[in-house]
J.: 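Pasting in a structure now, in structure tokens, and then I'll have a few things to ask.
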Protein chains: 2
Amino acid sequence: MMISTKGRYAMRVMIDLAEHGGDGYVAMKEVAERQQISLKYLEKILPALVAEGLVEGVHGKGGGYRLTRKPEEYTAGEILRVAEGELVPVACMLCGAEPCKRAAECRTLPMWTKLGTVVGDYLDGVTVADLINGKA
Amino acid sequence: MMISTKGRYAMRVMIDLAEHGGDGYVAMKEVAERQQISLKYLEKILPALVAEGLVEGVHGKGGGYRLTRKPEEYTAGEILRVAEGELVPVACMLCGAEPCKRAAECRTLPMWTKLGTVVGDYLDGVTVADLINGKA
DNA sequence: TTTATACCTACCGATAAGGTAGGTTAATAA
DNA sequence: TTATTAACCTACCTTATCGGTAGGTATAAA
């Protein structure tokens, strides 16, 4: 029952970009230093965020990344789903999982489903702006 | 963000004991067959449940396991914590983790803490009896 | 043309997941 | 007393994931 570093670091990058970005681009080298995260590891996390349009990057001198929306328009749930994959609590609920034959009579599936909803609802209710303002 | 088979199987064993136990002992061989879980793997999960007093086992012919309380007196949260370990969502919140130096100014820690509470509260509100009656 | 940066691919060590295999101990029934 | 049953214990195994590192290429600005 764990969010891995991938998701946690993605959250911190988004917050860092919101706090230090302004209108310009922020180099990952800076973020890595501020957040005490290996630059090389950050470089493995960013492509997913770019692919889903959460941030955009530009090459070369003076380049870096910036948010594509305002901080209040990102939810933690959205960021985590992009960085981590689905937020479901059990493997049998994963999208690509082979359908469980016991699902119909499974005594526990309703609980896992509800747990997924509880987690998703909470995380979808927290925005990057909330995290910066300490309102989470 | 996943509950492993260990926790899921533990839940199913507890439910199975509640449904088929009555006052007597149920052999894991039966449970394994009914639940379609490898007997050998079940034998690795049960010791923790015994150690924490959730079930008790007796050796030999006619032996097996039985619940030590009524089904409505077990919560899913309790069972999962015994089988899986702590239910916290991030490694830095684990009991034995070395304290994070950034904790005081961490923008995300409050969210993880709240998420842990949300998950714990939900799971602590579901009993084995609820799962049997479909009230979860 | 130099420099800074994103971006890409491959690898790597450690750990955990999800088991198997083969025994020993304890209790009951024959 | 002996056979049987079932809990319990220890060791091992395979595969995948975690959390990175290394070394490059592409691109844009100065």
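To find a chain, count down the sequence lines: A is the first, B the second, and so on, and within it residues start at 1.
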J.: Looking at C/dA29, C/dG19, D/dG23, which one has an atom nearest to any side-chain atom of A/E43?
T.: D/dG23
J.: Calculate, to the nearest 0.5 Å, the distance between atoms CD1 and CD1 belonging to A/I79 and A/I15 respectively.
T.: 7.5 Å
J.: Rounded to whole Å, how long is the line connecting atom CD of B/E86 with atom P of C/dA16?
T.: 14 Å
J.: Closer than 4.0 Å, any side-chain N/O of A/S4 to the OP1 or OP2 of D/dT17?
T.: no
J.: Might you point out which heavy atoms bring A/M14 and A/L49 nearest each other, and give the distance in Å?
T.: SD-CD1, 4.3 Å
J.: When you group the ILVMFWY residues by side-chain heavy-atom contacts below 4.5 Å and let the links chain together, are B/L67 and B/V31 in the same group?
T.: yes
J.: Can you tell me whether the side chain of A/K40 and the base of D/dG23 have a donor-acceptor pair closer than 3.5 Å?
T.: yes
J.: C/dG19 base to B/K44 side chain: any donor-acceptor pair below 3.5 Å?
T.: yes
J.: Return the value, rounded to whole Å, for the distance between atom CG of A/L39 and atom P of C/dA4.
T.: 14 Å
J.: Could you tell me whether B/Y65 and B/Y25 have their ring centroids closer than 6.0 angstrom?
T.: no
J.: May I have the distance from B/L49 (atom CG) to D/dC8 (atom P), rounded to whole angstrom?
T.: 11 Å
J.: Atom CD1 of B/I3 to atom P of C/dA16: distance rounded to whole Å?
T.: 17 Å
J.: Take the protein atom CG of B/L17 and the nucleotide atom P of D/dA7, then report the distance between them rounded to whole Å.
T.: 10 Å
J.: Under 4.0 Å from OP1 or OP2 of C/dT5: is there any side-chain N or O of A/Y65 that close?
T.: no
J.: Would you say A/Y25 places a side-chain N or O within less than 4.0 Å of OP1 or OP2 belonging to D/dA28?
T.: no
J.: Between B/Y41 and C/dA17, does any side-chain N or O lie under 4.0 Å from OP1 or OP2?
T.: no
J.: Tell me which of A/S38 and B/V58 sits closer to the 5' end of DNA chain D, going by the nucleotide each one is nearest to.
T.: B/V58
J.: So A/V26, base contact, sugar-phosphate only, or nothing? Heavy-atom distance under 4.0 Å.
T.: sugar-phosphate
J.: Atom CG of B/L42 to atom C1' of D/dA7: distance rounded to whole Å?
T.: 13 Å
J.: Using heavy atoms to find the nearest nucleotide of DNA chain C for B/H59 and A/E56 separately, return the residue whose nucleotide is more 5′.
T.: A/E56
J.: Round to a whole Å and report the spacing from CD1 of B/I45 to P of D/dC8.
T.: 14 Å
J.: Phosphate oxygens OP1/OP2 of C/dG18: is one of them under 4.0 Å from a side-chain N or O of B/T5?
T.: yes
J.: Find the distance between OH (B/Y74) and CE (B/M11) and round it off to the nearest 0.5 Å.
T.: 11.5 Å
J.: Measure the distance from NZ on A/K29 to P on C/dA4 and round it to the nearest whole Å.
T.: 7 Å
